[in-house]
There are 2 protein chains.
Amino acid sequence: MGVTIKDIAKRLGVSATAVSKALNDRDDVSNELKVKVRKIAEEMDYSPNSLAKRLVTNKSNTIGVFMFSRQKNSGHDPFGFQFLSGIMEEANRNGYDIVLFSTDSDLLAEKSYIKLCKERKVEGAIFTGLRLDDPHLEEIKESPFPISIIDTEVKGNNVSFISTDNRKGVRLALNYLWKLGHRRIAIINGHKKAMVSHLRYNAYKEFLEEKGQFREELVFTGDFTERSGYLCGGKILELKDRPSAVFVASDLMALGVIKKFKEEGLKLPEEMSIVGFDNIFPGEFNEPALTTIGQNAFEMGVEAVNWVLKRINGEKGNKKILLEPELIIRDSCDTNQFQWLERVTAKS
Amino acid sequence: MGVTIKDIAKRLGVSATAVSKALNDRDDVSNELKVKVRKIAEEMDYSPNSLAKRLVTNKSNTIGVFMFSRQKNSGHDPFGFQFLSGIMEEANRNGYDIVLFSTDSDLLAEKSYIKLCKERKVEGAIFTGLRLDDPHLEEIKESPFPISIIDTEVKGNNVSFISTDNRKGVRLALNYLWKLGHRRIAIINGHKKAMVSHLRYNAYKEFLEEKGQFREELVFTGDFTERSGYLCGGKILELKDRPSAVFVASDLMALGVIKKFKEEGLKLPEEMSIVGFDNIFPGEFNEPALTTIGQNAFEMGVEAVNWVLKRINGEKGNKKILLEPELIIRDSCDTNQFQWLERVTAKS
DNA sequence: TTGTACGCGTTATCAA
DNA sequence: TTGATAACGCGTACAA
């Protein structure tokens, strides 16, 4: 097939070893030879066989990536691509290849993720969208190679948790609403199979309990889809004593809620304030533009790679990396309530 | 490191060859041995070394994927992920690995795409977002392995062009506007480095020339970003004789145009009808919801893989695969103009 | 500074 | 049906 170091060696009348050394710029070959070898290599359009190299050095320079996308095929998961961009960028920058596995290929049904990785000799792996009820969780815990999991915490010797500081994010959102004067604040949470749902719910409960305003009846559960947000929006409208604001645990659901509210004739944001979570692109174009908690998905990808790389190089590194969330104020919360609150406060 | 067929062989007192055969379920080994080997393999948690296998069989079972994302890092490119989903799905389904290369890693600056691929012995490659001024175009033309390029046509013996039927898409859009009564229809096109821009412009020109309504002054050029759409929107507003409709060659730009129009107080869609191209998610949530030409990005990924696979298997296959576009009617075009047209027609 | 011999884990060939 | 041997392309120890 292609040209190998042997061909170059033959052409120059030297040994393959010498060529190998020259190509790798090692210092136990003459400069003279290096120059010659490089020239011929160029001439013959030589390209090293990474398979052979990896086999002999026992180093694959490869990271496996598994994406369990939340919204399969729909492309409604802009986050997936952002994670991936960060992962690619950082991996390639460090000389690592990314091999990508799809969610619902037959492969995954037959073989475990770990097995897939072992066969390819990946040095580490990154998981996205892993659910709490995944059948391979135990295996992951005992992985022989380092794994970064984005947004799901799995306790294991070789696994890290990369996420946004969800508690802080929720508090950012609720605190904003609180300062705007809201006291009855509902939550539409994601499904329980996602770890972030638990984190966000706990943070929500904690915050409102601190204020003495937690109400069980204001807790709603969707599944991160727009449709489920729409449905929960309907339920909220049926409440006898409506909340004045809703914290929605994902922008996609928030978009659904808003759709429902608008359909039912609510004036937004005057009659209902809404804060989302994620900062996905469509939120900007929604009307009203969605106020939300921003996550830096690209950076999460970068951190995921970095942790794996550190592990590979024997460094320890913190097994829990939480990035800073950011409150992005747009138009889906009624800021006039604030003045109303001040008036009330002034009176009392 | 891991356990190899040799270990299994030793344990069973047979040769490595026999084990290999048994594991591969070949018919020149006894069933008896197969059963034993499988049992021990399981027991020892054996996993084959794909590197070694690929080296010796000279078959990498790998497809390289290069994504030059239009909007780097921004995640504003929901298409990228949809392509990729289709690619992953179809490749994995056929037993192929995907190795992913990032746009702006240093790697790409140093080495050519082809070189990168050769080293990894990929059997084929897929390109997305490749620009007409890419420095490696010549090399791609002469690729020794099959390459599917999405949305860019590069003539070459081993390369295919996977795209939407852009001409048809444009005609779908313009015909819709035409039937609605529009005669002065502007275009905001993408930059000239993208092949689709040429295709869309040509189709636009062709259609309007057929109708005797092509006007040079109604042609505007953006760069696919929202910002550029916004800017072009401003220019359209400065026109003495404004068009009644705008065909925008990407939804992202369309969103920008609409933003500008709304800022300037235009009533939409009454005072300006807009049709986009792509059918990205945010368009649904825009107000007015964006009427657009839908492309099936997932399917494009699937087709790209299939073509490469066909080539690998020696089949010929059409080197130009055009998927059907779809007119998605939402709220950004004024449908009342139609009635107006009928009135006019009735009068004359 | 260069070359020889070997090994990485697997499959292919061919003889037993 | 099984096994010894060679080969894939490369890197490394060690000898020259």
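Quantities reported herein were computed from a predicted structural model and do not represent experimental measurements.
- Side-chain proximity of B:Lys53 to the nucleotides D:dG3, C:dT11, C:dG3 is greatest for C:dT11.
- OP1 or OP2 of D:dT12 has at least one side-chain nitrogen or oxygen of A:Arg26 nearer than 4.0 Å.
- Screening residues 33-46 of chain A for side chain to side chain donor-acceptor pair (under 3.5 Å), with sequence neighbours left out, gives A:Arg11-A:Glu43, A:Asp25-A:Lys34, A:Asp25-A:Arg38, A:Asp45-B:Lys118.
- Counting to the nearest Å, the P atom of D:dC10 and the CG atom of B:Asn58 are 12 Å from each other.
- When the side-chain nitrogen and oxygen atoms of A:Asn24 are compared with OP1 and OP2 of D:dG11, one or more of them lie within a distance under 4.0 Å.
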I'd like a table of donor-acceptor pairs (distance under 3.5 Å, sequence neighbours excluded) in which one partner is a side-chain atom from residues 311-322 of chain A, with atom names and distances.
from	atom 1	to	atom 2	distance (Å)
A:Arg311	NH1	A:Asn157	O	3.1
A:Arg311	NH1	A:Asn158	OD1	3.0
A:Asn313	ND2	A:Leu309	O	3.2
A:Asn318	OD1	A:Lys320	N	3.1
A:Lys319	NZ	A:Gly156	O	2.8

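- Both A:Leu51 and B:Thr17 sit near DNA chain D, but only B:Thr17 has its closest nucleotide nearer the 5' end.
- Here A:Phe127 and A:Tyr113 bring their ring centres to under 6.0 angstrom of each other.
- Below the 3.5 angstrom threshold, one finds no donor paired with an acceptor across the side chain of B:Thr4 and the base of C:dT10.
- Here the nucleotide nearest the side chain of B:Tyr46, chosen from D:dC14, C:dT10, D:dC10, is C:dT10.
- No donor-acceptor distance shorter than 3.5 angstrom exists from the side chain of A:Ser143 to the backbone of A:Lys141, with no hydrogens or angles considered.
- Following rounding to the nearest Å, A:Arg120 (CZ) and C:dT10 (P) show an atom-to-atom distance of 14 Å.
- Rounded to an integer number of Å, the gap from CG of B:Asp28 to P of C:dA12 is 10 Å.
- A donor N or O paired with an acceptor N or O is not found under 3.5 Å between the base of C:dT10 and the side-chain atoms of B:Ser50.
- Rounded to whole angstrom, the span from the CG atom of B:Asp27 across to the P atom of D:dT2 amounts to 12 Å.
- Protein atom NZ of B:Lys6 is 12 Å distant from nucleotide atom C1' of D:dT5, rounded to whole Å.
- Counting to the nearest Å, the C1' atom of D:dG9 and the CG atom of B:Asn49 are 14 Å from each other.
- In this structure, A:Glu299 contributes its side chain and A:Leu323 its backbone to no donor-acceptor pair below 3.5 Å.
- The nearest whole Å value for the distance from the CG atom in B:Leu23 to the C1' atom in C:dA12 is 16 Å.
- Contact check, B:Lys34 against D:dT1: no side-chain N or O comes under 4.0 Å of OP1 or OP2.
- Residue A:Arg54 contributes atom CZ, which lies 17 Å from atom P of C:dT10 at whole-angstrom precision.
- OP1 or OP2 of D:dG11 sits under 4.0 Å from a side-chain N or O of A:Ser20.
- The residue among A:Gly13 and B:Val56 whose nearest nucleotide of DNA chain C lies closer to the 5′ end is A:Gly13.
- Residue B:Ser30 has a polar side-chain atom (N or O) positioned under 4.0 Å from OP1 or OP2 of D:dT2.
- For D:dG9, the base has no donor-acceptor partner in the side chain of B:Lys121 [N/O atoms by modelled type, under 3.5 angstrom].
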